[in-house]
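One structure below.
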Amino acid sequence: RISWRGAVAVAGVLALLAGSALWKRAPLAGRSGSVAKALQKWGVSSLFSHCSQTTCLTCLQSSGCRWCPTDMSCHDETSLEDPCDAPIDSAGQCWGETCVYQLGQFLNKRPDDAKQWLEQSAEHQADELLPFPTYPPGVTGIFDLLTGLPLTDWTAGSAVSDYTVALIADWGSGTCAAKVVASLAAQDSPQMSIHMGDVYYVATNAQYQTNILGMTDSTKPHQQGVAFPKGSVITFLQMGNHELISGCQGLYQSGFSYTAQQTTYAVWQSESWRIVSLDTGRLCYSLGPDNIRNVETGSTDAPMPDEVVDWLTNTVKLGDPSDKRGIILLSHHQPYDAFAKASIGAAQQINTILPKGKQILWFYGHDHMFAIFKKMSLANMDFVMYPRLIGIGGFPNILATPVTTEGLVAYDFRTYQSMPDDDGASQNVGFNGYAKMVITGNKVDISYITASCTNNDCTQGFSDTDATTIAFETFEADTTTGQVNQTWIYISSELTQVSDPSDEVSEMSCIPESALATQLNHYD
């Protein structure tokens with residue numbers, strides 16, 4: 001492995017290594033070129049290495065040493081023999097060495113990590129873009145919530161009681177943090193589990209196989225994949241922006257084989273509720289020649305495909321005023337945000353469908369934060385929503401302060417670990433978690449849950465049995481008016497509370513892009 005610092009104390013190869021350091025900084029450069037192979041053959045790279053420790057913890061206690069879980073060995077940070085693209089560089093990450101990825105591999109300012117993002121995006125944004133899948137004739141995409149069986153009548157839906165739904169967003173990292181969140185969610189024995197998009201780095205088939213299906217990567221024999229927790233009745237994978245980078249191949253092929261779903265949009269119905277999966281990922285990047293995705297500068301407002309809008313309007317009949325059931329929308333992209341630019345394309349389309357004044361719940365991820373927002377209507381839109389940002393499933397949610405607090409009730413600013421970026425600084429990373437809905441009749445109880453540190457010591461990682469409930473709220477669907485109303489909320493003192501929740505509707509505008517010029521790119 002060629003270091004970003006590019007320093008090896010062998011006078012005879014100083015010039016060569018200086019060149020190879022620059023070679024590594026090139027976005028598409030590989031690590032196994034002729035220079036590295038020659039130096040490995042000569043044994044130069046390990047000639048003066050002091051990093052011979054045999055465990056991750058003892059390795060990280062020695063200055064300048066890094067632990068590579070791929071070969072379970074300790075390497076000098078300048079070693080050319082380290083097979084890890086981004087080795088473990090802090091003792092607090094050692095607990096996760098047995099999983100196929102570590103949280104420290106996804107930091108947005110660590111040079112090794114940035115190189116991975118750039119290389120993989122550049123390599124896969126030209127992969128074949130698979131056709132957008134739709135339901136075949138005779139299949140409505142409407143399903144009974146209780147049984148998971150398809151419905152032909154859009155007004156149908158069984159009564160449910162104590163029906164548990166696990167909502168997990170931005171989870172597909174293949175880290176042991178994601179594994180813990182999966183374990184905690186599985187302990188709830190959910191009938192339904194939804195992954196709300198994004199498998200990292202770029203959602204290839206190989207990354208879906210390790211980070212969703214839980215398969216082992218043959219190149220990492222000491223590490224295990226991480227499986228998404230299945231619901232006993234329904235398991236569904238939503239479309240995120242990372243899925244689009246590699247042409248949707250990982251989701252449509254490996255992902256669909258895991259869940260047996262046919263498309264990326266669906267609605268599940270009870271007699272009192274309609275839970276709707278939207279696809280905001282398919283059109284989230286502009287396309288160039290040969291459908292190459294413009295990942296770096298081509299982000300759109302993430303509208304839904306026309307096929308989904310038509311389905312919502314004419315098959316689901318989401319805007320029919322005679323349907324008084326409560327509506328819960330699920331999407332990857334955020335219609336409102338206090339920390340990053342919102343993607344309002346889907347909200348604008350929903351506004352053309354819903355009856356004026358309709359009140360709904362909307363869960364989403366994309367931004368790797370947890371936040372509860374006020375009851376609001378967006379500027380120039382006629383529906384009312386309770387927005388909930390839950391993008392903390394398994395990716396390192398790098399803590400940030402809100403750009404605006406105008407629409408904010410509370411957010412999670414607790415530090416789980418401070419992780420070094422190998423350039424002399426560290427980034428504070430928050431806690432991973434998910435949302436649990438329990439539906440009984442016209443009532444839904446929602447718990448917001450994060451992992452807890454093992455033995456109250458976060459350097460030991462997350463406990464796979466202990467969890468922390470950071471907020472809880474109850475909503476009721478008024479089946480006489482068709483409105484969703486919040487009836488109770490608890491906000492833990494663990495959260496940073498900005499304002500008191502209110503039943504009044506706030507009209508909100510999205511953050512102007514100019515206000516985000518200095519914000520970090522979280523590789524959302």
Side-chain angles (χ1 to χ4, degrees), residues 140-146 151 153-163 165 167 192 266-278 309 311-331 335-336 344 346-364 372-388 407 409 435 437-447 471-490 499-508:
T140 64
I142 303 172
F143 302 91
D144 184 61
L145 181 61
L146 179 65
L151 299 172
D153 181 0
W154 69 272
T155 66
S158 301
V160 297
S161 180
D162 292 324
Y163 188 98
V165 180
L167 300 177
M192 180 185 201
V267 58
W268 300 272
Q269 304 187 161
S270 72
E271 63 178 4
S272 300
W273 294 96
R274 311 183 88 184
I275 302 173
V276 187
S277 169
L278 308 178
V309 176
W311 170 79
L312 289 170
T313 304
N314 298 312
T315 302
V316 177
K317 301 188 185 299
L318 198 66
D320 193 309
S322 67
D323 193 326
K324 305 299 184 183
R325 288 174 289 189
I327 293 175
I328 301 172
L329 298 184
L330 311 176
S331 67
Y336 180 81
I344 62 171
Q348 291 171 328
Q349 293 167 316
I350 290 293
N351 189 59
T352 67
I353 299 172
L354 292 177
K356 185 175 182 179
K358 181 78 170 180
Q359 294 181 182
I360 64 171
L361 257 172
W362 197 327
F363 293 92
Y364 49 88
I372 295 172
F373 297 108
K374 294 178 180 179
K375 180 181 180 180
M376 66 174 68
S377 63
L378 297 175
N380 303 314
M381 298 193 198
D382 298 322
F383 69 93
V384 176
M385 66 176 176
Y386 294 90
R388 300 295 182 256
V409 174
M437 298 196 304
V438 179
I439 303 172
T440 298
N442 71 327
K443 184 177 77 169
V444 56
D445 294 323
I446 306 168
S447 302
F472 180 91
E473 57 187 338
T474 298
F475 289 88
E476 291 185 359
D478 186 333
T479 53
T480 61
T481 65
Q483 303 293 42
V484 172
N485 297 297
Q486 184 188 67
T487 60
W488 194 77
I489 185 170
Y490 156 78
S499 63
D500 293 324
S502 171
D503 195 49
E504 296 182 3
V505 178
S506 301
E507 182 170 328
M508 305 302 302

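Bear in mind that the values here come from a model prediction, so they are computed numbers and not experimental data. We use all heavy atoms of the structure for the numbers below, so side chains are in, but hydrogens, waters and symmetry mates are not.
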Where is the tightest heavy-atom contact between [X] and [Y], given as atom of each residue plus distance?
X    : Y    : answer
A471 : I372 : CB-CD1, 3.8 Å
Y386 : V484 : CE1-O, 3.5 Å
S272 : G441 : CB-O, 3.5 Å
P321 : P355 : CA-CG, 4.4 Å
A347 : M381 : O-SD, 3.7 Å
S277 : W311 : O-CZ3, 4.5 Å

**Request:** May I have the step-by-step check of side chain to side chain contact (heavy atoms under 4.5 Å, CB included) for V316 and R274, ending in yes or no?
**Result:** CA-CA 10 Å; V316 177; R274 311 183 88 184; 3.4 Å; yes

Below 4.5 Å, heavy atoms only, C-beta onward: do [X] and [Y] meet side chain to side chain?
X    : Y    : result
I360 : F383 : yes
D320 : T155 : no
I446 : F363 : yes
F475 : Q486 : yes
P335 : I344 : no
L378 : M376 : yes
M437 : I328 : yes

**Request:** Rounded to the nearest 0.5 Å, what's the gap from CD1 on I353 to CG on L312? Could you check?
**Result:** 4.5 Å

**Message:** To the closest 0.5 Å, what do you measure between CG (L361) and CG (L329)?
**Reply:**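 So the gap between those two atoms works out to 9.0 Å.
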
**Prompt:** Around K324, counting heavy atoms of other residues, nucleotides and ligands shown, do more than 12 lie under 6.0 Å from its NZ?
**Reply:**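 Yes, enclosed.
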
**Asked** Does D153 CG have over 12 foreign heavy atoms under 6.0 Å away?
**Response**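 Atom CG in D153 is packed in, count exceeds 12.
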
**Request:** List in chain and number order the residues that pass ring-ring contact (aromatic ring centres under 6.0 Å, His included) with Y336, two or more places apart in sequence or in another chain; answer none if no residue qualifies.
**Result:**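 In terms of ring-ring contact (aromatic ring centres under 6.0 Å, His included), with neighbours along the sequence ignored, Y336 is linked to F373.
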
**Fill in**
F472 meets the ring-ring contact (aromatic ring centres under 6.0 Å, His included) criterion, sequence neighbours left out, with W488

**Request:** Please report the C-alpha distance between V444 and I439 in whole Å, then the side-chain angles of each, then the deciding distance to 0.1 Å, and finally whether the side chain to side chain contact (heavy atoms under 4.5 Å, CB included) criterion is met.
**Result:** CA-CA 4 Å; V444 56; I439 303 172; 3.9 Å; yes

**Prompt:** For M385 and I350, what are the C-alpha separation, side-chain angles and deciding distance, and is it a side chain to side chain contact (heavy atoms under 4.5 Å, CB included)?
**Reply:** CA-CA 11 Å; M385 66 176 176; I350 290 293; over 6 Å; no

**Message:** Please check: side-chain N/O of N442 versus main-chain N/O of A477, any donor-acceptor pairing under 3.5 Å?
**Reply:**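 Yes.
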
**Item:** Check: A156 main-chain N/O paired with Q269 side-chain donor or acceptor under 3.5 Å
**Value:**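 A pair under 3.5 Å: yes.
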
**Request:** Report the residue from T479, T480, T481 that forms a side chain to side chain contact (heavy atoms under 4.5 Å, CB included) with Q483.
**Result:** T481

**Request:** Run through T140, I142, T315 and flag the one making a side chain to side chain contact (heavy atoms under 4.5 Å, CB included) with W154.
**Result:** I142

**Message:** Per the side chain to side chain donor-acceptor pair (under 3.5 Å) rule, what does the pair list look like for residues 352-363, sequence neighbours excluded?
**Reply:**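 For residues 352-363, and leaving out neighbouring residues, the side chain to side chain donor-acceptor pair (under 3.5 Å) pairs sorted by first residue read S331-W362, Q359-K375, Q359-N485.
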
**Prompt:** Of all residues at least two apart in sequence or in a different chain, which pass the side-chain contact (heavy atoms from CB on, under 4.5 Å) check with D144?
**Reply:** L146, T147, L151, S158

**Message:** Restricting to side-chain contact (heavy atoms from CB on, under 4.5 Å), what partner residues turn up for D162, sequence neighbours left out?
**Reply:** V438, T440

**Asked** Hey, mind stepping through I327 and L354 against side chain to side chain contact (heavy atoms under 4.5 Å, CB included) and telling me if it holds?
**Response** CA-CA 10 Å; I327 293 175; L354 292 177; 3.8 Å; yes

**Those residues that, when tested against E473, pass salt bridge (Lys or Arg N to Asp or Glu O under 4.0 Å) (two or more places apart)** =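 Listed in chain order: R388.
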
